[in-house]
2 protein chains.
Amino acid sequence: MRADARRNRDLLVAAAIAVVAEEGPDASLNEIARRAGVGPGTLYRHFPTRDVLLAAVFQGRLSRLCEQSEELAESRPSGEALLAWLRLLTTHAMTDKGLGARMMRPTATAGVDCWAMLRAAADRLLLPAQRDGFIRADVDFTDLAELTTGIAQAASDPARADRLLTLTLDGLRTHHPTSAPGRDA
Amino acid sequence: MRADARRNRDLLVAAAIAVVAEEGPDASLNEIARRAGVGPGTLYRHFPTRDVLLAAVFQGRLSRLCEQSEELAESRPSGEALLAWLRLLTTHAMTDKGLGARMMRPTATAGVDCWAMLRAAADRLLLPAQRDGFIRADVDFTDLAELTTGIAQAASDPARADRLLTLTLDGLRTHHPTSAPGRDA
DNA sequence: ACCTGAACACCGTTCAAGT
DNA sequence: ACCTGAACACCGTTCAAGT
């Protein structure tokens, strides 16, 4: 890779990080190119698709999230660790006006395989929590990903997202029926 | 209202219904005007904002949803009725590529007060379900609206939406702790 | 009163021309 | 190899001119 090409690529990613933080994932690509000081053609050469550029923007935050999954797995009991990480994931899905939510899909596999990385990070916490009996055995990563991104998209602010996440997690816990209403009434 | 104005308004709504069904809530307004056979200026005269036009498109589906709430309240036991209606609401939020989800916000009050109508319809089922002890007393309409729209936006297909809704509702039920794990572990 | 449609500033995307 | 930037077809929105 030629030196000037490398330089332009870095300028574009930096500009994209800034612009996406301001305007969200639908930000103008021409604006990003302008801010990076290159022509629009140069942007398309490096990033043939908007999603490829967004993946580059997303990459830093994603790897941090994976690290945090490892830390939590070592430092906390399984149920607690999963809950804490899901909170991080939800916050994550809300950043940059929905960029996070947009990248947390199986299809958003551009350059880095975001979905596979997230699944690995989640399973590291989910499987122990299921083994220890805190979470239903039939829940999988797709459930967690869709529920957290959904909450992140629909909640009006972080406090409400936290409330919805708490409510939802009660549904994922293992069941302890006593009188079992809700069936006959 | 002059006769030709009335006629143009109706043409615009009809065109909007068709185009939004195809392209979703971000459909081109010029395209809608074109399809209605009027100039773009005429569209803006009748609907100063995109959301006002979308509310007109949404209105029919909304009133049907309110009727269904009344029917369910009369014909079924409270817990069952609420669940059935929430299924309808979720389906609803998925129609027209996210138009439903977009209108289910407090801000989307254009012409018709969609939010107030939905709240009335939901409370008709939620309050009895809470009185009968099937749903937590601290859950309110905002919780239900955000959870269903979130699920609708994040789920990849109707079957998955149904699964997520079921999981979530288990979290909204009244609690029956037996061994109460998830705290200490 | 209401409608028209040309006009403006923008957007995403492409591609000949340059170095 | 890579970059440039003019160019194209589109978009949302406005507003003078018409009836």
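Labels below follow one simple rule: chain letters A, B, ... track the order of the sequence lines, proteins then strands, and each chain is numbered from 1. None of the values given here were measured: they were computed from a predicted structure. All values below come from the heavy atoms of this structure, side chains included, with hydrogens, waters and symmetry mates left out.
For residues 150-159 of chain A, there are no salt bridge (Lys or Arg N to Asp or Glu O under 4.0 Å) pairs, not counting sequence neighbours. Within the structure, every pair that satisfies the ring pair (Phe, Tyr, Trp, His ring centres under 6.0 Å) test and touches residues 68-100 of chain B, not counting sequence neighbours, is listed here: B:Phe58-B:His92. Pairs of residues two or more places apart, or lying in two chains, that qualify as side chain to side chain donor-acceptor pair (under 3.5 Å) and include a residue from residues 28-40 of chain B are B:Glu22-B:Arg35, B:Glu31-B:Arg34, B:Glu31-B:Arg35. Applying the ring pair (Phe, Tyr, Trp, His ring centres under 6.0 Å) test to pairs two or more places apart or on separate chains, none has a residue in residues 22-46 of chain B. Residues in residues 54-72 of chain B take part in these salt bridge (Lys or Arg N to Asp or Glu O under 4.0 Å) pairs, two or more places apart or across chains: B:Arg61-B:Asp96.
For the pair B:Leu43 CG and C:dA6 P, the interatomic distance rounds to 17 Å; values are reported in whole Å. Taking atom CZ of residue A:Phe47 and atom C1' of nucleotide D:dC3, one finds them 15 Å apart after rounding to whole Å. Residue B:Arg9 contributes atom CZ, which lies 13 Å from atom P of C:dC2 at whole-angstrom precision. Whole-Å rounding puts the B:Arg45 CZ to C:dC2 C1' distance at 5 Å. Remark: P of D:dG12 and NE2 of B:His46 are 18 Å apart, rounded to the nearest angstrom. Spacing between atom OH of B:Tyr44 and atom C1' of C:dG5 amounts to 14 Å, rounded to whole angstrom units.
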So which protein N/O to nucleotides 15-19 of chain D N/O distances come out below 3.5 Å?
none

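The residue from B:Lys97, B:Arg102, B:Arg50 that alone fulfils the side-chain hydrogen bond (donor to acceptor under 3.5 Å, both in side chains) condition with B:Asp26 is B:Arg102.
Atom CG of B:Leu126 sits about 11.0 Å away from atom CZ of B:Arg119, to the nearest 0.5 Å. For the atom pair CG of B:Leu72 and CG of B:Leu82, the computed distance is 9.5 Å after rounding to the nearest 0.5 Å. Expressed to the nearest 0.5 Å, how far SG of B:Cys114 lies from CG of B:Leu54 amounts to 10.0 Å. Between A:Arg124 atom CZ and A:Ser78 atom OG the span is 14.5 Å, to the nearest 0.5 Å.
Applying a 4.0 Å cut-off to non-hydrogen atoms, none of the residues of residues 14-25 of chain A approaches DNA chain D. The stretch residues 29-36 of chain A comes close to DNA chain C through A:Leu29, A:Asn30, A:Arg34, each having a heavy atom under 4.0 Å from the strand.
Contacts of A:Ala36 classified as side chain to side chain contact (heavy atoms under 4.5 Å, CB included), with partners at least two apart in sequence or in another chain: A:Leu11, A:Leu12, A:Ala15, A:Val38. Under the rule for a ring-ring contact (aromatic ring centres under 6.0 Å, His included), the partners of B:Phe141 that lie at least two apart in sequence or sit in another chain are B:Trp115.
Pairs of Watson-Crick or G-U wobble type, with distances under 3.5 Å, assemble into runs of 3 or more in DNA chain C at these ranges: C:4-8 with D:12-16, C:12-16 with D:4-8.
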Let me check something: any side-chain donor-acceptor pairs from residues 145-152 of chain B under 3.5 Å, sequence neighbours excluded? List them with distances.
residue	atom	partner	partner atom	Å
B:Glu146	OE1	A:Arg160	NE	2.8
B:Glu146	OE1	A:Arg160	NH2	3.3
B:Glu146	OE2	A:Ser156	OG	3.4
B:Glu146	OE2	A:Arg160	NE	3.3
B:Thr148	OG1	B:Leu144	O	2.8
B:Thr148	OG1	B:Ala145	O	3.1
B:Thr149	OG1	B:Ala145	O	3.0
B:Thr149	OG1	B:Glu146	O	3.2

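Judged purely by atom type and a 3.5 angstrom limit, A:Asp113 uses its side chain to pair as donor or acceptor with the backbone of A:Ala116.
Phosphate contact (OP1/OP2 of C:dC10, side-chain N/O of A:Ser28, threshold under 4.0 Å): absent. Contact annotation: B:Asn8 does not reach the phosphate of C:dC2 (side-chain N/O to OP1 or OP2, under 4.0 Å).
At a threshold of 4.0 angstrom between heavy atoms, the contacts of B:Ala27 are confined to the sugar-phosphate backbone, with no base atom among them.
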